[in-house]
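These notes concern the structure reproduced below.
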Amino acid sequence: MPYRCPKRPLVHYLSLLLTAALLLPAQAGADSAANATNELIELSLEELANLTISSVSKRPESLSDAAASVFVITAEDIRRSGATSLPEVLRLAPNLLVARVGADSYAISARGFNSTTANKLQVLIDGRIAYTPLFSGVFWNAQDVLLEDVERIEVISGPNTTTWGSNAVNGVINVITRSAAYTQGTLLAAGAGNLERGAAVRYGGALQSGGHYRVYGKGFRVEESQRESGRGAGDGWHKGQAGFRVDTPLNGKLTLQGDAYEGRLNRQAEDRDEIRGLNLLSRWQHELGDDATLELQAYYDRTERDIPGQFAETLNILDLELQHNFRLGERQMIVWGLGHRSAWDDVTNSALLAFLPAKKRLRWSNLFVEDEIGLRPNLRLTLGGRLEHNSYTGLEFMPNARLAWNITPQDLLWTSLAQAVRTPSRLDRDFFVFVPSLPLVGGPNFESETADSLELGYRGNRLGRFNYSLTAFYHDYADLRALESVGDGNLVLGNGIEAQIYGLEAWGDFQATERWRLSAGVLLREEDLDLEPGSIETSQGNDPSNQWLLRSSLNLGPAHELDLTLRHVGKLSNPQVPAYTALDLRLGWKPTSNAELSLSAWNLLDPSHGEFGEGTSRNEVERSLYLELLLRF
């Protein structure tokens with residue numbers, strides 16, 4: 001009999017979450033109109049240049065001062081994109097590689113090695129790590145947020161393992177949602193199109209203690225993908241999710257939040273894929289004075305996944321972190337922290353695939369420190385290091401050095417040297433494939449993959465009307481995953497590949513008129529792979545050598561908007577996928593300050609195109625329309 005996930009319906013998780021939220025005394029009555037207006041404020045380019053971010057150094061700093069390749073997707077960008085899911089929003093970042101694989105699956109990475117199991121990108125949602133230790137990547141169909149609640153998404157391309165730990169080898173995606181104080185009142189959203197439909201509701205109120213809360217629920221349905229032959233792929237998908245957030249003063253600031261979700265394929269058959277899960281997070285922040293802060297964070301994350309005929313998994317994660325920021329003298333700012341993460345993984349194997357042992361506990365412990373030193377008023381050196389201990393390879397060291405030179409208040413020249421580490425996952429050590437033609441076992445001696453990286457970047461702003469960023473990068477990888485023959489017909493996973501990736505990232509925004517903003521971005525990259533004797537290349541990803549993006553955001557009048565996005569992705573070579581160019585359009589109308597109607601049209605230049613996968617089984621991304629109504633009161 002095939003394994004089935006335990007039948008815990010979504011309402012079971014929802015009751016836990018909503019009960020936790022409602023235990024806090026609340027009172028109705030919030031200034032919803034004022035907060036709705038705040039949600040729609042569009043930042044000027046000068047304000048964008050000075051936007052406060054926190055993902056580079058784990059402390060607040062101006063985007064214009066950050067010594068890293070950072071692109072920020074703002075709430076306004078998300079709203080005007082018309083995107084209905086987090087992966088589609090990430091297409092706005094020119095320093096990311098985003099390919100749609102099916103109705104519920106994506107391949108997303110930075111700078112290279114992109115695949116559905118990409119393992120060198122750290123993804124966080126409000127501080128909660130989203131990757132799975134099963135393969136060190138992200139199941140994107142399990143990661144979702146109410147997009148109207150997102151304040152910004154900080155996308156770093158390049159290594160940041162010193163700050164965020166192993167897996168942040170090629171980049172970091174940090175999704176940051178708004179405080180509950182800025183999501184007061186009621187929000188209703190409903191939309192439908194030829195390929196998907198969805199609805200959401202959110203309510204925010206004030207607590208008697210002086211804090212604020214919100215609760216939300218959302219659901220969507222995506223039709224199955226079509227293949228080049230015209231046959232359906234059978235991957236239609238629907239999912240429901242709900243959650244809450246509470247922000248309240250408690251000798252500082254205390255945040256409590258959680259989400260629960262459940263999704264499955266649209267097929268009526270019993271062998272449909274299913275996922276469900278629950279996460280709960282708490283964070284306490286306290287200001288100690290003189291720019292010193294203390295932060296404690298803990299979260300629990302449970303996921304259940306059933307893919308009939310392949311495997312099923314129940315994964316429980318508990319993560320604890322402490323961080324302390326303080327000044328040392330007049331010239332130094334120190335950030336240090338420590339943390340521990342435990343994962344209890346329970347896999348039900350099939351006759352085809354297995355993880356052995358089926359049950360395993362994994363642990364990661366870390367200590368990191370970064371010291372920003374003011375060498376001169378306009379010259380800063382940041383030195384950092386991270387010690388991280390994991391269950392497979394023991395202690396790993398991840399150093400980093402950054403130098404930032406403010407040539408003028410509007411111009412920053414920076415460089416970075418780093419050694420990043422991708423520690424083994426269960427796939428690398430514990431994976432078995434029982435196929436006679438390709439018997440495969442995980443490598444019992446599989447070691448961590450490493451990357452030495454050099455970056456040189458320039459960021460500037462001209463007259464408050466033109467923002468731009470330019471980054472050249474070089475990555476030297478060692479001990480990448482490869483197949484090795486052990487002489488008895490079996491293949492084992494080993495560390496037999498070295499690689500070099502180098503390229504250029506550039507993007508900018510231009511305020512042509514008060515009502516018209518233009519944006520552009522380009523990524524150029526090359527890679528070289530070298531196999532050690534006796535090694536066989538595994539799929540290290542499938543990446544274009546170039547991609548570019550052009551966006552136009554035009555306010556036709558006080559109540560009408562027109563947004564156009566033209567994007568091009570170069571061809572993929574292994575397996576081959578033709579290059580494509582796509583045009584997306586959005587028309588928006590605000591009949592009142594609390595109502596918004598929009599029509600989005602995607603992939604207007606062709607009926608369909610492929611973005612990833614084998615030619616015979618590759619799913620096509622089709623032309624689609626989506627009409628959405630948004631109400632706030």
Under a 4.0 Å threshold between the charged nitrogen and the carboxylate oxygen, would [Y] count as salt-bridged to [X]?
{"X": "Asp291", "Y": "Arg327", "value": "yes"}
{"X": "Arg128", "Y": "Asp301", "value": "yes"}
{"X": "Glu449", "Y": "Lys120", "value": "yes"}
{"X": "Lys590", "Y": "Glu561", "value": "yes"}
{"X": "Asp543", "Y": "Arg111", "value": "no"}
{"X": "Asp126", "Y": "Arg283", "value": "no"}

Judged by modelled atom types alone, do [X] and [Y] share a side-chain donor-acceptor pair under 3.5 Å?
{"X": "Asp584", "Y": "Thr565", "value": "no"}
{"X": "Arg386", "Y": "Asn366", "value": "yes"}
{"X": "Glu295", "Y": "Gln285", "value": "yes"}
{"X": "Tyr182", "Y": "Arg214", "value": "no"}
{"X": "Glu505", "Y": "Ser69", "value": "yes"}
{"X": "Tyr106", "Y": "Asn114", "value": "no"}

Please determine which of [options] meets the side chain to side chain contact (heavy atoms under 4.5 Å, CB included) test together with [X].
{"X": "Val70", "options": "Val155, Ile156, Val172", "value": "Ile156"}
{"X": "Leu48", "options": "Val72, Asp77, Asn467, Asn461", "value": "Asn467"}
{"X": "Asn555", "options": "Glu514, Arg517, Arg515", "value": "Arg515"}

Query raised in the report: According to the interplanar angle, ranging from 0 to 90°, do the rings of His560 and Trp589 count as parallel (below 30°), tilted (30 to 60°) or perpendicular (above 60°)?
Result: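 It falls in the parallel class, under 30°.
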Query - Identified side-chain hydrogen bond (donor to acceptor under 3.5 Å, both in side chains) partner of Glu388 from the options Ser166, Ser448, Ser365 - result: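 Single pass found, and it is Ser166.
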Query raised in the report: Which pair of heavy atoms, one from Ile334 and one from Val369, lies closest together, and at what distance?
Result: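 Scanning both residues, the minimum pair turns out to be CG2-CG2, 4.0 Å.
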Query raised in the report: Does atom CD of Gln500 have more than 12 heavy-atom neighbours, drawn from other residues, nucleotides or ligands, at distances under 6.0 Å?
Result: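 Count over threshold, so yes.
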Query raised in the report: Is it true that atom CD of Glu46 has more than 12 heavy atoms of other residues, nucleotides or ligands lying nearer than 6.0 Å?
Result: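 12 or below, so no.
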Checking [X] now: which residues fulfil salt bridge (charged side-chain N to carboxylate O under 4.0 Å, His left out) with it, not counting sequence neighbours?
{"X": "Asp563", "result": "Arg80, Arg586"}
{"X": "Arg459", "result": "none"}
{"X": "Arg402", "result": "none"}

**Report entry** Pairs where residues 157-179 contributes a residue and the test ring pair (Phe, Tyr, Trp, His ring centres under 6.0 Å) is met, not counting sequence neighbours
**Finding:**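 Sorted pair list comes back empty.
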Requested in this report: Any chance you could lay out the salt bridge (charged side-chain N to carboxylate O under 4.0 Å, His left out) test for Glu321 and Lys58, step after step, and finish with the verdict?
Outcome: CA-CA 12 Å; Glu321 294 183 18; Lys58 256 191 174 181; 3.8 Å; yes
According to ring pair (Phe, Tyr, Trp, His ring centres under 6.0 Å), who are the partners of [X], at least two apart in sequence or on a separate chain?
{"X": "Tyr502", "value": "none"}
{"X": "Phe71", "value": "Trp507"}
{"X": "Phe368", "value": "none"}

**Report entry** Option passing salt bridge (Lys or Arg N to Asp or Glu O under 4.0 Å) with Arg79 (candidates Glu148, Glu628, Glu596)
**Finding:**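 Per the salt bridge (Lys or Arg N to Asp or Glu O under 4.0 Å) rule, the option paired with Arg79 is Glu596, out of Glu148, Glu628, Glu596.
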Query raised in the report: Considering residues at least two apart in sequence or located in another chain, which fulfil the side chain to side chain donor-acceptor pair (under 3.5 Å) criterion with Asp65?
Result: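 Side chain to side chain donor-acceptor pair (under 3.5 Å) check on Asp65 returns Asn406.
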**Report entry** Qualifying residues under side chain to side chain donor-acceptor pair (under 3.5 Å), relative to Gln143, sequence neighbours excluded
**Finding:**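 Checked Gln143 against side chain to side chain donor-acceptor pair (under 3.5 Å); zero matches.
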Requested in this report: For Ala595, check side-chain contact (heavy atoms from CB on, under 4.5 Å) against everything at least two apart and list the hits.
Outcome: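 Partners of Ala595 by the side-chain contact (heavy atoms from CB on, under 4.5 Å) criterion, ordered by chain and then number, come out as Pro591, Thr592, Leu631.
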Query - Contacts of Asp411 that satisfy side-chain contact (heavy atoms from CB on, under 4.5 Å) - sequence neighbours left out - result: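 Asp411: side-chain contact (heavy atoms from CB on, under 4.5 Å) contacts with Ile407, Thr408, Tyr458, Arg462, Tyr468.
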Report task. Could you list all the salt bridge (Lys or Arg N to Asp or Glu O under 4.0 Å) pairs where at least one residue sits in residues 165-177, not counting sequence neighbours? Result ->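 Sorted result for residues 165-177: empty, none.
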